[in-house]
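Residue numbers start from 1 in every chain, and the chains themselves are labelled A, B, ... in the order their sequence lines are given, proteins ahead of strands.
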Amino acid sequence: MNPLIFTTILMTVLLGTMIVMMSSHWLMIWIGFEMNLLAIIPILMKKYNPRTMEASTKYFLTQATASMLLMMAIIINLMHSGQWTIMKVFNPTASIIMTSALAMKLGLTPFHFWVPEVTQGISLTSGLILLTWQKLAPMSILYQISPSINLNILLTMAVLSILVGGWGGLNQTQLRKIMAYSSIAHMGWMTAVLAYNPTLTMLNMLIYIMMTLTMFMLFIHSSSTTTLSLSHTWNKTPLTTTLILITLLSMGGLPPLSGFMPKWMIIQELTKNSSIILPTLMAIMALLNLYFYMRLTYSTSLTMFPSTNNMKMKWQFETKRITLLPPLIVMSSLLLPLTPMLSILD
Amino acid sequence: MLKIIIPTIMLMPLTWLSKKNMIWINTTTYSLLISLISLSLLNQPSNNSLNFSLMFFSDPLSAPLLVLTTWLLPLMLMASQHHLSKEPLTRKKLYITMLTMLQTFLIMTFTATELISFYILFEATLVPTLIIITRWGNQTERLNAGLYFLFYTLMGSLPLLVALISIQNLTGSLNFLLIQYWNQALPDSWSNIFLWLACMMAFMVKMPLYGLHLWLPKAHVEAPIAGSMVLAAILLKLGGYGMLRITTMLNPQTSFMAYPFLMLSLWGMIMTSSICLRQTDLKSLIAYSSVSHMALVIVAVLIQTPWSYMGATALMIAHGLTSSMLFCLANSNYERTHSRTMILARGLQTLLPLMAAWWLLASLTNLALPPSINLIGELFVVMSSFSWSNITIILMGANITITALYSLYMLITTQRGKYTHHINSIKPSFTRENALMALHMTPLLLLSLNPKIILGFTY
């Protein structure tokens, strides 16, 4: 589309999220969410075809419902506290409604059904924005209301999300759906620790965004949206197969890569607060995630997948310029020794 | 300790910057030099550990394992030269880099003081091993083998992470040097039973225990030679080392929690030895023999007497060298006939007599012939398990007999008898292969002159 208009729309998306993250008035939060939602619809529909229209419609419906629930929670909060400042939520009903609304925006179970379908219907770049940038705003609100969230609901949603994210991704070959289920599972990890130490939620968010950004950049670089087309990268750029391997193992949470750091910190925080079964269960269910990442690495980097002779000298469009790929890859795999630096967050 | 770790890390730039005709020479030479440095650690003056820093230490248990690890890297490099000779240069360098990375993680694991650091490095050894097995293995089954290997180990070790963090919560520090002085008896409760299980299952899977051993034959058979060597010689010993370290913290639950695992190990060693008698695949036979020997180590560690710890340590070192040598011998067969089936390459004594001598020595040490250190290890374990319960002597005796049976079966099938007519055009043994076998056998035989350096910290 027209670059000027595209820039304006993109800026509106950014502005919407910024407003959500930085305001102290509940109404401004809602306005920020709505601005974000309305502006991202054209970005999701960059290619104009029925699939993207369907995906955008699904996204709009779920997010609009969530915004309305959020508004209702804000009003109930107003009724019970008499003021619009954002601190904790003063009424349990309002807290539950707000948690559900934010869960719908994030894609936590049981509100996760839109994530795979929307992510699949849109282009890779839009999917990137959807799965990384759009998570920032709801997570910041969850961070701010974290003292008053009902622990039962939060932990149930977290554990179910990890389960659904793990099992749902097992039968997928489309890369965008795999990333969607991975996003659901990671959101589950983030919300599990929210009540205990919200700083770790932010840490997990940061590292998750880095790793997802890296994965999407690698997919965009090889223009692949299915496992089969990703398996041809050994032909085109053999180095990216190694990078895909490292990043996928990092997403699966294997030490010594940096994806292990949030999982380790979350398990540590939960165990020190005397909940032992929960982190054990969460860690074991994360292995499901690791299984489908491993399957992806098997077809991409660890075997040279058979391909027809035409594919071996594949004509491709000019090499896409990927911004920041090397620093992102380094950060998404080598950050583990920097874990003691987390003490600066106190 | 950094004088070993940093040179090992620097082996990686050495690989990438070497010229095409110098990579094997450079890496093998420098890794041999590094192994000579690690020999100085065997001089342990007192019963306590040699403390190098807050993060690394070495004690009479970890020093022999460390020496074994560093000794094995040049051997792995020598063994891999043939099957990598046709690969492009970058892939050779990648392979050597994987081996070096694995080596670094292993050295750091064996010398770690802090238990969480031990855990992270323990898990970190999985990634290079997985890449070696899956990328450079030879059959399609290697994919399945890699998955089994990764997931069995991870399922066992994730509860270990939770258990270690909760122990740190209780005692304040996981630094191993401190914990050995703070040791208190664990109170008797259900949650402490689960703590015991969580701590031990990771190492049980790694050893492997009989019921959880499914990953081992797959991984050993499908791995290339260096992968098989390092798996059999070192990675299994990680499980033994971890168990030896962590059982000091887990009293008194071990006295009753150990029973199911003791039963499984005692029965399992007989079962896996018997399976060896029916194997057609040579590498699979050696893999099951590893399970059987490691079951002895599990029995020794769970009994927790000074003699059994000595036996466990000696057996780990001895089995590491023997099993690695057997895999090298099997690989020399595989490189010539491209098949692992035993009966396809029989009667080799007439064609390759010197290799037959190495086969003889390896089989003899595998069946624990006196005065080798294999015998010392097995004998100590048998004696201490006899004192724990008199009936185990029957099972142990049966195991020793069956071990002798399958070792001799392997020797006779591959070496004796008339050779088949399709193998009389195989290449004679390379000097490299003979050197490899000699480098395995010489430490094994020399250690029988002074076994006290490998008898661990209860000597």
Nearest-0.5 Å distance that lies between atom CD in B:Q168 and atom NZ in A:K272: 4.5 Å
Neighbour count >12 (heavy atoms, 6.0 Å) for atom CE, B:M155: no
Residues in residues 122-133 of chain B that sit under 4.5 Å from chain A, counting heavy atoms only: B:E123, B:A124, B:V127, B:L130, B:I131
Per-residue contact mode, A:L254 against chain B (heavy atom under 4.5 angstrom): side chain
A:I284 and B:L154, any side-chain heavy atoms less than 4.5 Å apart: no
Option that, when pairs with chain A are counted at under 4.5 Å, heavy atom only, ranks first among B:L170, B:L161, B:L164, B:L147: B:L147
Heavy-atom proximity to chain A below 4.5 Å, by part of B:F194: neither
Nearest-0.5 Å distance, CD1 of residue B:I120 to OG1 of residue A:T339: 6.5 Å
Residues of residues 178-192 of chain A within contact distance of chain B, non-hydrogen under 4.5 Å: none
A:L249 portion near chain B, given a 4.5 angstrom heavy-atom threshold: side chain
Residues of residues 291-298 of chain A near chain B, each having a heavy atom less than 4.5 Å away: A:Y291, A:M294, A:Y298
Heavy-atom neighbours of B:D188 CG exceed 12 at 6.0 Å: yes
Portion of B:L121 that has a non-hydrogen atom of chain A nearer than 4.5 angstrom: neither
Segment of A:S301 engaging chain B (4.5 angstrom heavy-atom cut-off): backbone
B:R142 side chain near A:T303 side chain, heavy-atom distance below 4.5 Å: yes
Side chains of A:T271 and B:N169 in contact at under 4.5 Å (non-hydrogen atoms): no
Proximity breakdown for A:L290 and chain B, heavy-atom pairs closer than 4.5 Å: both
A:I276 side chain near B:S191 side chain, heavy-atom distance below 4.5 Å: no
Positions in residues 255-264 of chain A that reach chain B, provided some heavy atom is under 4.5 Å away: A:P255, A:P256, A:F260, A:W264
Nearest heavy-atom neighbours spanning A:Q268 and B:I165: CA-CD1, 3.5 Å
